[in-house]
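Data first, discussion second: the structure below is written as structure tokens.
We name chains A, B, ... by the order of the sequence lines, and we start the count at 1 in each one. Every value quoted in this text rests on a predicted model; they were computed, and no experiment measured them.
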Amino acid sequence: MIVQWNQQLHSKQLKLPRKRNINHGVPMHYGQSNNIMYWNFFFKERTKAMINEETLLILAKIIDDYNALPEPKYRNANLDVLKRDYELLMQMKEFLKGDIQYAHIINALSQTINKMTPRNDNGWRSVTERGINKAIPPVVRKKKQVNQFPFEWIDKKSGETCFINNGYWGARNYMVMDIIGYYLLLKEGKDLLPKEPAPIFSDMNSIAVRESNISGNNITSSNQSSMNDQDIKRVEQTRYWVQFDDREFRKSMSLDMSSNEIRDLLLETSRVEFKLVFPVRMWNGKKAKEQTYNMNLFSRLFEFGYVDRDTRSDGVVQSRQYYISFNTTLGELFAHNLLSKSYDWLDNRFYSLPYNAQVFYRRFLVHNDYMSIPLKVETIIEGLNLQDKNITNLTGTIETNILKPLIEQGLIDSYEKDTEGLYGLKFTIKRSKKENPKENHLAVTGDAGSVKEGCRVCKERMQGL
DNA sequence: ATGGGCTCCACTGTGCTGAT
DNA sequence: ATCAGCACAGTGGAGCCCAT
């Protein structure tokens with residue numbers, strides 16, 4: 001039936017009857033009538049009714065087929081079939097406009113098709129700073145359970161207690177740090193990534209001194225984030241700051257967020273306060289070595305403000321200019337690590353992965369290039385701050401929502417599940433060698449991606465920043 | 001015409017419960 | 001322990017609205 005329908009569509013005969021139907025079921029005495037008007041009327045009505053009937057049948061079949069797919073649908077559907085069905089539905093539009101069922105199936109199909117269609121790489125590469133990925137665990141909103149703030153945990157190596165206060169921390173917040181970190185690097189490098197490391201701190205002691213100094217001139221950063229000229233001047237006088245607008249931010253993350261959503265995300269990210277054991281890359285003569293700094297005081301990652309740029313006459317803000325200053329303890333450590341080349345690369349498709357897949361990659365994989373990585377389930381639970389008490393469901397979640405999407409995206413090759421190990425359930429992640437970064441548009445060398453030279457794409461991107 | 005914001009709602013990710 | 005089923009919140013596409 002569907003094939004016939006298709007043929008009709010392609011011959012643009014949607015509004016005309018199929019020939020074999022013309023006389024079908026027409027009583028003789030009608031046929032004898034010479035009343036052309038009557039014939040036309042009969043003809044049209046009948047055609048419309050029949051097409052409607054057939055349309056509804058096809059609609060029902062598509063809906064049935066779709067509902068029959070096991071979940072998650074995007075991993076069990078055939079993309080070509082979905083596309084064909086979607087095409088059919090689009091052609092039926094004029095007959096079914098306003099039909100609730102029709103609207104739902106269109107929405108469902110288009111979402112699943114979109115999810116199944118591989119992201120094309122728009123060429124955007126972002127850096128991701130190592131300290132953030134290593135030191136900050138995700139703290140997610142839980143429904144019934146009221147989160148205890150500050151969230152705290154013990155750092156294994158140092159035995160120090162770490163804290164996160166005043167908000168949650170998840171995949172989107174890590175993403176913000178990637179993007180603004182990249183902006184900072186490009187700004188410092190005059191539209192190119194800096195060629196030579198330019199550390200801010202020379203040793204642990206200089207950090208401690210700076211930390212106590214910064215805490216002295218705190219905290220004028222009010223909750224008022226909308227800025228006036230004076231506020232902007234104040235930001236521009238700080239040592240490390242960046243500015244950008246919605247358009248640039250959307251391009252960097254390859255996600256479609258409204259200006260309000262972007263502002264709220266930045267605002268929430270800037271308000272979270274940390275007291276951490278933070279990895280700091282120190283250049284000891286010629287060699288870079290990672291040490292950890294035990295923070296004495298709570299710090300935010302950056303100070304944030306914005307100016308409304310384009311406001312529609314009905315009050316809707318369509319574009320904002322954002323200002324970010326890294327003039328906090330953690331902000332300067334972040335800037336220090338970036339300028340000391342303690343970062344890794346991500347491409348824009350990364351931010352479309354399920355949240356936990358993103359966080360998993362950050363916590364366990366991005367900062368090394370081991371080809372085989374054994375991880376106990378307890379380690380994964382701890383690293384991702386997973387909540388599910390039901391171990392069966394939890395391991396299922398790890399496989400379907402984290403490891404399989406990572407394989408699909410090509411970030412890992414495979415994994416092995418070992419239930420009989422000495423230490424209980426264990427996953428072993430398998431990777432071939434890290435994708436050669438020289439294939440990227442940037443010429444990259446070294447473990448942390450020291451950039452030999454910038455490129456045209458980068459320059460173009462940074463215009464207007 | 002264009003394009004951002006808003007609403008609606010399907011789908012996913014996660015956690016919980018109860019049966020086996 | 002394992003599994004299915006349910007609940008619920010977060011995410012994002014379609015389509016509409018509205019201003020430019």
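When the P atom of C:dG10 is taken as reference, atom CG of A:Asn401 falls 17 Å away, rounded to whole Å. For A:Leu353 and B:dT12, the CG to P distance is 15 Å, given to the nearest whole Å. Rounded to whole Å, atom C1' of C:dG13 lies 16 Å from atom CE of A:Met257. Distance, A:Tyr74 OH to C:dT11 P: 15 Å, rounded to whole Å. Distance A:Asp264 CG to C:dG10 C1': 15 Å, rounded to the nearest Å. In this structure, the CD atom of A:Glu261 is 13 Å from the P atom of C:dG10, given to the nearest Å. Remark: P of C:dT11 and CE of A:Met175 are 10 Å apart, rounded to the nearest angstrom. One atom, NZ of A:Lys115, and another, P of B:dT12, lie 7 Å apart when rounded to the nearest Å.
Between the CG atom of A:Asp308 and the CD atom of A:Gln321 there is a distance of 11.0 Å, given to the nearest 0.5 Å. A distance of 12.0 Å separates CG in A:Asp231 from OG in A:Ser325, rounded to the nearest 0.5 Å.
Counting any heavy atom pair closer than 4.0 Å across all strands shown, A:Arg250 reaches sugar-phosphate atoms only and no base atom. Residue A:Asp388 is in base contact, counting any heavy-atom pair closer than 4.0 Å across all strands shown. Heavy atoms of A:Ser259 sit under 4.0 angstrom from primed sugar atoms or phosphate atoms, though from no base atom.
Residue pairs meeting the side-chain hydrogen bond (donor to acceptor under 3.5 Å, both in side chains) criterion with at least one member in residues 157-166 of chain A, sequence neighbours excluded, are A:Asp155-A:Ser158.
Contact annotation: A:Ser110 side-chain N/O to C:dG13 OP1/OP2 distance is not under 4.0 Å. Using a 4.0 Å cut-off, no side-chain N or O of A:Tyr86 falls inside it from OP1 or OP2 of C:dG13. Between A:Tyr355 and C:dT11, a side-chain N or O to OP1/OP2 separation shorter than 4.0 Å is present. Dashed line: the shortest gap from a side-chain N or O of A:Ser258 to OP1 or OP2 of B:dG4 is not under 4.0 Å. Dashed line: the shortest gap from a side-chain N or O of A:Arg172 to OP1 or OP2 of C:dG12 is under 4.0 Å.
For A:Gln387, counting side-chain heavy atoms from C-beta on, the closest listed nucleotide (B:dG15, B:dC9, B:dG13) is B:dG15. Listed nucleotides B:dG13, C:dG13, C:dC3 differ in distance to A:Gln111; the shortest reach to its side chain belongs to C:dG13.
For the 3.5 Å distance criterion, the side chains of A:Asp413 and A:Ser432 qualify, holding a donor opposite an acceptor. Side-chain atoms of A:Arg431 and A:Asn368 include a donor-acceptor pair closer than 3.5 Å. Judged purely by distance below 3.5 Å, without hydrogens or angles, the side chains of A:Tyr351 and A:Asp178 pair a donor atom with an acceptor atom.
Of the residues A:Arg281, A:Lys134, A:Lys341, A:Arg130, the one that meets the salt bridge (Lys or Arg N to Asp or Glu O under 4.0 Å) test with A:Glu290 is A:Lys134.
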Anything under 3.5 Å between a donor and an acceptor, one on a side chain of residues 399-407 of chain A, the other on a protein residue two or more places apart or in another chain? List them.
residue	atom	partner	partner atom	Å
A:Glu399	OE1	A:Tyr415	OH	2.7
A:Glu399	OE2	A:Lys417	NZ	2.9
A:Thr400	OG1	A:Gly396	O	2.7

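A residue-by-residue look at A:Ser319 and A:Asn107 shows that A:Ser319 has its nearest nucleotide of DNA chain B further toward the 5' end.
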Restricting both atoms to N or O, compile the protein contacts to nucleotides 17-20 of chain B shorter than 3.5 Å, with distance only.
residue	atom	partner	partner atom	Å
B:dT17	O4	A:Asn390	ND2	3.2

